[in-house]
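See below for the structure under consideration.
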Amino acid sequence: MYLSIIILPLLGSIVSGFMGRKVGVTGSQFITCTCLILSSVLMTIAFYEVGISASPVNINLGSWVDSEIMLISWEFYFDQLTVSLGLAVLYCSTLIHIYSIDYLSSDPHIQRFFSYLSAFTGGMLMLICGGNFFVMFVGWETIGVVSYLLINFYFTRIQANKAAMLAFTMNRSGDMLMSIGFFAIFAVFGSLNYASVFSLVPYMNEVAISLIGLLLLGGALAKSANIPLHSWLPGSMEAPTPVSALLHAATLVTAGVYLLLRCSPILEYTPTVLLIITLIGSTTAFVAATCGLLANDLKRIIAFSTISQLGYMMMAIGLSQYNVALMHTVNHAFFKALLFLGAGAVIHSFADQQDVRKMGGLIKFLPFTYSVMLVGSLSLLATPFLTGFYSKDLILELAAGAYSFTGLYAFILGSVTAGITAFYSFRLISLVFLTKANGQKESYLNSHESALPVVIPLLVLALFSIFFGYVFSDLFVGLGSDFFGNSLFIHPNNITIIEAEFSLAPIIKLLPAIFSISGAFLAIFMYHKTPEILINLTEYKLGRKIYSFLNGKYYFDVIYNHYVVSQGLRVGYKISKEIDRGAIELLGPYGLTNTFINTGVNIGKLDTGIITTYSLYITIGLLSLLFLIFAPVLIDTSIFSEIRLIIIYFASLILVLNPSKTYK
Amino acid sequence: MITLLILIPIIGSLLLIPISSEDNIENKKARAQAMRRIALTTSLINLFVSLFIWYQFDSNTTQYQFVSEFNQLNFAHLNFGIDGISLFFVLLTTFVTPIALLSNYSNINKNLKLFLISFLLLESLQICAFVSLDLLLFYIFFESVLPILFIIIVIFGHGEDRFRSAFLLFLYTLAGSLPMLLCILSIYSYIGSTDFQLISLCEISLDSQKILWLGFFIAFAVKTPLYPFIIWLPKAHSDSPLAGSIILAATILKLATYGYIRVLLNFFPDATNYFSPLVQTIASITIIYASLSTIIQQDTKRLIAYSSVAHMGVLVLGLFSNTIQGIEGAILLAIAHGFVSPALFTCVGGVIYERTGSRIINYIRGLATYMPVFTILFFVFTLANTGIPLTLNFLGEQLSLIGIWQQNPYIATLGATGILLSACYSLFLYNRLSYGSYSPHLPILKDINRREYSLLISLLIPTIIFGIIPNVILNPLHISTSALLYSV
């Protein structure tokens, strides 16, 4: 049963991809969706067996690599962490598969699309179910490759190509760091199995552990789109919207978070890395939220919100609150998938318009979509008792309850970010749904609520966004819940849940909520009552600068393009031009050819046809010969074994090195 | 058994000789077809013989197996045998030769007999180089492939520059090998024999080892190739016919890999240890320089040739890591490169070049529109070239670098940049050729035909299968590689 959870999506992908022509569009949709639904059902059973009944499963399929002390098996491991995340992954994937049936109905290559989607789900499952670092890495790379293919789904568009390549190469730089991490893990522990590595961590040198933690963090930053490796995520909004929902909200980006959660036994012994993670996470949350503040592309706003929420997850990990981070990951998967799918429904029904400034007033035309988007947004900004509240608010409380510098940093930035999140969420809602109609009349006339395959996923996700947190919060993050058993390790020194629950002043607990409410009201006020302020903002020099700075995404792309990529290309050009085809050619073949030709020409020049020149040669030749014969008598040649040979060599060198015009 | 392996291609080429190619046109076509069939069948029979050897191979002994000795010939100690290391290089050779013959199956009509015979002979000579148990014979066979390659490039290559490329290939390798010959002679004068087993029994002092090591290293570094001896390779690749590129990438470069293991690691362990920082430096320079200059190449075949250089750098790092993982990883990478590099050459130098007549990246765009099957295969090989898990390249690269990390973490970090850079150049090539809107300057191209498909699929299957179960390769390797590092 456990293996079929992983195999079913892959099977669906293979059938849909390689036999797409045989099974047809409907067939491929039916097969992949059925596989996914079956897999979800099995995962639910697994959640009961492994999670609630607390009995982890280990499946060993045999040896993969066996080289001296390096023993790696095809090993799958299902524990509480796996099944909790797997539940979110499979539910979101299944719903998105169903959603895509309608959403892509007018596109070509539907079999290809469903094949990619299923392959992605399979890769993600392999990632979270892998029992050692190598099997995990198989899934890790699979989702990287499939995300390249999915972003590139409309492969004739240059923007899609660029975004896909950026995503892949940037992820690859994370993979490089992670691979180096594997090398280090193997060198330190002599094994790449989770069980062996994690049980040995306490006995190892802290510097080595910190290094490993940093390297793994590098991989996680790239996959989970945290600063400084985040800039691929907004670009990848070129993909069809279901892809954005699946990859760039619910599943792919959580892979990095999963890696860090899985490595909690390593991280717990490196305070340095934890500190760095918190700093990066809080900064990411803030920076991404400010980028989303003034963005105008509907999907990009949600993308920045994703990066910002990923920052929250990292923040929680850095504060050692792994179960809260996991809870937020799962919650975020549901409400962010909802937001993306809702955005997709809006875009699709409104003539593929993505610019929020050219929408407005859609509440009358798309009431259902409006309701689910509102639910998603409210859940995102942690409205009390909705799903997002149970994790996001707790993260901030835990940050405040840590009573440390990083905790304070995370709390302040996190609370401010909560306000900004509320602002851009309500900005989106009001610009798209509430304000005056700014779009074309034609689009309004054609706008319509979506078909049933779109409505069902939206409805289910909306229900999850409302109730999931309430139902599961006590299980996941409740005080004293031992649900996660050994799968997440929190060092006793780092447990701060008691302080967070009982020692904080009410004002601190309420601060994020106050920020959120004021942010939301500010957005509605500014975009409904006094839109002039925002227009006037760009009249001033400073305002315009801030506007372009935020919309330029803090110029990260510019920095990368200008200083990393183009410099790399320049160095490559230099190497190719000045070393390969320059120095090596000159010292090697080209130089040698020239020298030989020149020598030939030089020797040829001796043949002048004048008697007196020849007599000079004869005299010089005679003198040299005499010198050669008498040299051992005249000079002490014991240092050289054979002086005559050396003299002849030197004589020939004179001819070779004699400069002359290059012969052509 | 090994004699059979060597003789079958020679018999095949002898069969080809009496077929005359001067006749009327109708007959000529049929005869050409017959000649191709004979050559292909011969190479396939040889493949099956080598597979049988693999099946019969005993992986629990350090002895050379299937040893055959010819004492009747008194000018040299003709002595053949196989151990775990040479087994896979022989298999690679017998596997790649039919691929090479198939790759230019239909587009060579002039001098066809010469073409087929030279590839069959090349196969024999390479197998000889891999199985001979005598240093002098190894040198002779190591060099003997050069004239044939020279002929292949000069006669069947394209472009005006091919003469220069062929000369470069010839002279570079020949000049590099001269120190090796001198070293072999001095070994002979010290020990009185050039037999592998005898040399490995002798203790050579560190000072002599250093000098001998350097002599051999230059020869192998030119052949690998490592910086600064690389420039012959991209030239030779870009001007040789497709089959030549395939053989060159898959097996000729592996002669150097085999040489490193067989001679440097085996006979001069102290000098290897002494010089390994030097080698590691050169190899990491090779990885980074070659990768960076790969990114800006405009010629597809040159690009893949440069990427080969970068992969060879990783391989050398693995070999000189002084760990079992590193050496086994390097051998895995050698085998994987022997599958993937020919496949990429077939994609760009065969499929695309035959259809468009161009190898310049900028002229080709949007192939996915009309050639979907080809694009899928091309994509999988591109991924394999970047070392994605489930391909053999991944295991080779990771094991090599894991090995070198235990020796020197900094070098391993430098070597790991190859992981990122390989993704950059491979993906750029694939994306540029396959995606984007279809170039208006291209005619409507046909998707790959059955021959090309079977060619690529037969390279794809082993890459994936061995990537999932590498133990079939690793098991016979264990004892032989352990014998390099420990006294077993």
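Computed from a prediction, not measured in an experiment: that's the story for all the values here.
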Chi angles and distances behind the side chain to side chain contact (heavy atoms under 4.5 Å, CB included) call for B/Y227, A/I575: CA-CA 11 Å; B/Y227 260 85; A/I575 289 170; 3.6 Å; yes
Pair B/Y435-A/R157, side chain to side chain contact (heavy atoms under 4.5 Å, CB included): steps then yes or no: CA-CA 8 Å; B/Y435 293 157; A/R157 274 166 54 181; over 6 Å; no
Verdict with supporting geometry, A/T156 and B/Y438, side chain to side chain contact (heavy atoms under 4.5 Å, CB included): CA-CA 8 Å; A/T156 50; B/Y438 194 71; over 6 Å; no
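In terms of heavy-atom pairs under 4.5 Å with chain A, the best-connected choice from B/I469, B/T417, B/I295 is B/T417. Between chain A and the residues B/A416, B/G415, B/S434, the largest count of heavy-atom pairs under 4.5 Å involves B/A416. Interface remark: of the candidates A/S173, A/S63, A/A184, A/A184 forms the most heavy-atom pairs closer than 4.5 Å to chain B. Most heavy-atom pairs under 4.5 Å with chain B: of the set A/A187, A/G588, A/P589, this distinction falls to A/P589. When each of B/I288, B/L171, B/L427 is scored by its heavy-atom pairs under 4.5 Å with chain A, the top score falls to B/L427. Ranked by heavy-atom pairs under 4.5 Å with chain A, the first of B/G418, B/S293, B/G467, B/C424 is B/S293. Counting heavy-atom pairs under 4.5 Å between each of B/T294, B/I419, B/L168 and chain A puts B/I419 at the top.
For B/L332, no part sits under 4.5 Å from any heavy atom of chain A, backbone or side chain. Proximity to chain A involves both the backbone and the side chain of B/T386, based on heavy atoms less than 4.5 angstrom apart. Of the atoms belonging to B/E328, it is side-chain heavy atoms, and not backbone ones, that fall under 4.5 Å from chain A. Within the 4.5 angstrom heavy-atom criterion, no atom of B/I404 approaches chain A. Interface residue B/L395: only side-chain heavy atoms are found under 4.5 Å from chain A. Neither the backbone nor the side chain of B/Y425 comes within contact range of chain A; no heavy atoms are under 4.5 Å apart. Residue contact with chain A, scored on non-hydrogen atoms closer than 4.5 Å, is absent for B/P409. Proximity to chain A (any heavy atom under 4.5 Å) is shown, for B/R365, by neither the backbone nor the side chain. For B/I296, the part sitting under 4.5 Å from any heavy atom of chain A is the side chain, from C-beta outward, and nothing else.
The two residues A/G568 and B/L292 come nearest to each other via the heavy atoms O-CD2, 3.9 Å. Listed here is the closest heavy atom pair of A/M165 and B/F428: CE-CA, 3.7 Å. Between B/G387 and A/R172 the shortest heavy-atom distance is O-NH2, 3.6 Å. Between B/P470 and A/V65 the shortest heavy-atom distance is CG-CG2, 4.2 Å. For the residue pair A/D580 and B/I230, the shortest heavy atom distance occurs at OD2-CD1, 3.9 Å. Closest approach of A/S67 and B/H478 over heavy atoms only: CA-CE1, 3.9 Å.
Remark: B/S422 OG to A/M176 CE distance equals 11.0 Å, nearest 0.5 Å. Annotation: the span from A/E141 atom CD to B/T391 atom OG1 amounts to 9.5 Å, rounded to 0.5 Å. Taking CD of B/Q325 as the reference point, atom CD1 of A/I69 lies at 5.5 Å (rounded to 0.5 Å). The CG atom of B/L421 lies 10.5 Å from the OG1 atom of A/T169; values are rounded to the nearest 0.5 Å. The distance from atom CG of B/L390 to atom CZ of A/F137, rounded to the nearest 0.5 Å, is 11.5 Å.
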Identify all side-chain donor-acceptor contacts of residues 144-154 of chain A below 3.5 Å with residues at least two apart in sequence or on another chain.
unit_1	atom_1	unit_2	atom_2	d
A/S147	OG	A/G144	O	3.0
A/Y148	OH	B/N431	OD1	2.6
A/N152	ND2	B/N431	OD1	3.2
A/Y154	OH	A/D107	OD2	3.1

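Checked against salt bridge (charged side-chain N to carboxylate O under 4.0 Å, His left out), A/D66 has no partners two or more places apart in sequence or in another chain. Listed by chain and residue number, nothing satisfies the salt bridge (charged side-chain N to carboxylate O under 4.0 Å, His left out) test with A/E75 (two or more places apart in sequence, or in another chain).
Around atom OH of B/Y289, no more than 12 heavy atoms belonging to other residues, nucleotides or ligands sit under 6.0 Å away.
A/S179 is not listed as a side-chain neighbour of B/L401, based on a closest heavy-atom distance of 4.5 Å or more. In this structure, the side chains of A/F183 and B/Q398 come closer than 4.5 Å at one or more pairs of heavy atoms.
Applying a 4.5 Å heavy-atom cutoff, the residues of residues 367-381 of chain B that approach chain A are B/A368, B/T369, B/F379.
A parallel orientation is assigned to the rings of B/F394 and A/W64, their planes being inclined by less than 30° (bins at 30° and 60°).
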